[in-house]
Amino acid sequence: MRIQIINGPNLNLLGTREPEIYGKKGFEEYLNVLRNAFPNIRIDYYQSNVEGELINKIHEVGFEADGIVLNAGAYTHYSLALMDAIKCVSTPVVEVHISNVHQREEFRHHSVISPACKGVICGFGLNSYRLAIEALLHMK
Ligand code: CA2
């Protein structure tokens, strides 16, 4: 079983600012927690601040991985190109958000990628990623 986590813009800076929203942990640190929680699963991680690179990654793994956990960051709210990329591949994609976007600014309430995803998990901090992997496991 192979799961690909893809993080979008600014998520490389997790743990450095706005800890009240995003927590104090960097993603690489959390990745160890996640890998320990799922010892039998290969969990690959990719982060980019560049829209086209995120699309390339989705194309690259989207016919081989068993699932993609995608936090598209702010691209969530306006990238139709990312939405198309998710539709183009056969691997199921779970959209995740660390924060509860519905408790935040109005522009974060709408996701253009949700219709292309299997489901959405948001608001559980970094645990959102663990819950997304659980959801993908239960699809098998
Ligand atoms: O809650 C989430 O996971 C978001 O996808 C995070 C995005 C935001 O644009 C979405 O609306 C919701 C922003 C990520 C910004 O990451 C930061 C990292 C370090 C310090 C501050 C922000």
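Whatever order the structure lists them in is the order used to number ligands and atoms, beginning at 1. Note: hydrogens, waters and symmetry copies are ignored here, and every other heavy atom, side chains too, is used.
- Here Y129 and F27 bring their ring centres to under 6.0 angstrom of each other.
- Between N71 and ligand 1, an N or O atom pair is found at a separation short of 3.5 Å.
- Atom OH of Y45 has more than 12 neighbouring heavy atoms from other residues, nucleotides or ligands inside a 6.0 Å radius.
- The distance criterion of under 3.5 Å between nitrogen or oxygen atoms is not met by L11 with respect to ligand 1.
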Residues 33-43, side-chain donor-acceptor partners within the protein, below 3.5 Å, at least two apart:
| from | atom 1 | to | atom 2 | distance (Å) |
| --- | --- | --- | --- | --- |
| R35 | NE | I43 | O | 3.1 |
| R35 | NH2 | I43 | O | 2.7 |
| N36 | ND2 | N32 | O | 3.2 |
| R42 | NE | D44 | OD1 | 3.3 |
| R42 | NE | D44 | OD2 | 3.0 |
| R42 | NH2 | D44 | OD2 | 3.1 |

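- Nearest protein neighbour of atom 19 (C) of ligand 1, counting heavy atoms only, is L13 O, 3.1 Å.
- Cation-pi geometry between K57 and Y46 is met: under 6.0 angstrom from the ring centre, within 45 degrees of the axis.
- The nearest protein atom to atom 15 (C) of ligand 1, hydrogens excluded, is given as N10 CB, 3.8 Å; this is a heavy-atom distance.
- Between N49 and Q47, the side chains place a donor N or O and an acceptor N or O closer than 3.5 Å (distance only, hydrogens not considered).
- Every atom of ligand 1 with a heavy atom of V101 under 4.0 Å away is listed here by number and element: 12 (C).
- For ligand 1 and A74, the ligand atoms under 4.0 Å from any heavy atom of the residue are 9 (O).
- The protein heavy atom nearest to atom 2 (C) of ligand 1 is I98 N, 3.3 Å.
- The closest side-chain donor-acceptor pair between T91 and E64, if any, does not fall under 3.5 angstrom.
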Take I113 and I86 through the test side chain to side chain contact (heavy atoms under 4.5 Å, CB included) and record every step on the way to the result. CA-CA 8 Å; I113 67 169; I86 298 165; 3.9 Å; yes
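- Geometrically, ligand 1 and R17 share no nitrogen or oxygen pair separated by less than 3.5 Å.
- Of all atoms in ligand 1, numbered sequentially from 1 with element shown, those under 4.0 Å from a heavy atom of H77 are 10 (C), 11 (O).
- Ring-plane geometry between H77 and F107 is classed as perpendicular, the angle between the planes exceeding 60 degrees on a 0 to 90 degree scale with a lower cut at 30.
- If you check which protein heavy atom lies closest to atom 4 (C) of ligand 1, you get H97 ND1, 3.7 Å.
- Residues V120 and V94 do not share a hydrophobic cluster, defined by chaining ILVMFWY side chains whose heavy atoms lie under 4.5 Å apart.
- For atom 1 (O) of ligand 1, the nearest non-hydrogen atom of the protein is S99 OG, 2.6 Å.
- Protein heavy atom at the shortest distance from atom 8 (C) of ligand 1 is R108 NH1, 3.1 Å.
- Scanning all protein heavy atoms for the shortest distance to atom 21 (C) of ligand 1 gives E18 OE2, 3.5 Å.
- The option from Y129, F27, Y22, Y75 that lies nearest to atom 13 (C) of ligand 1, judged by heavy atoms, is Y22.
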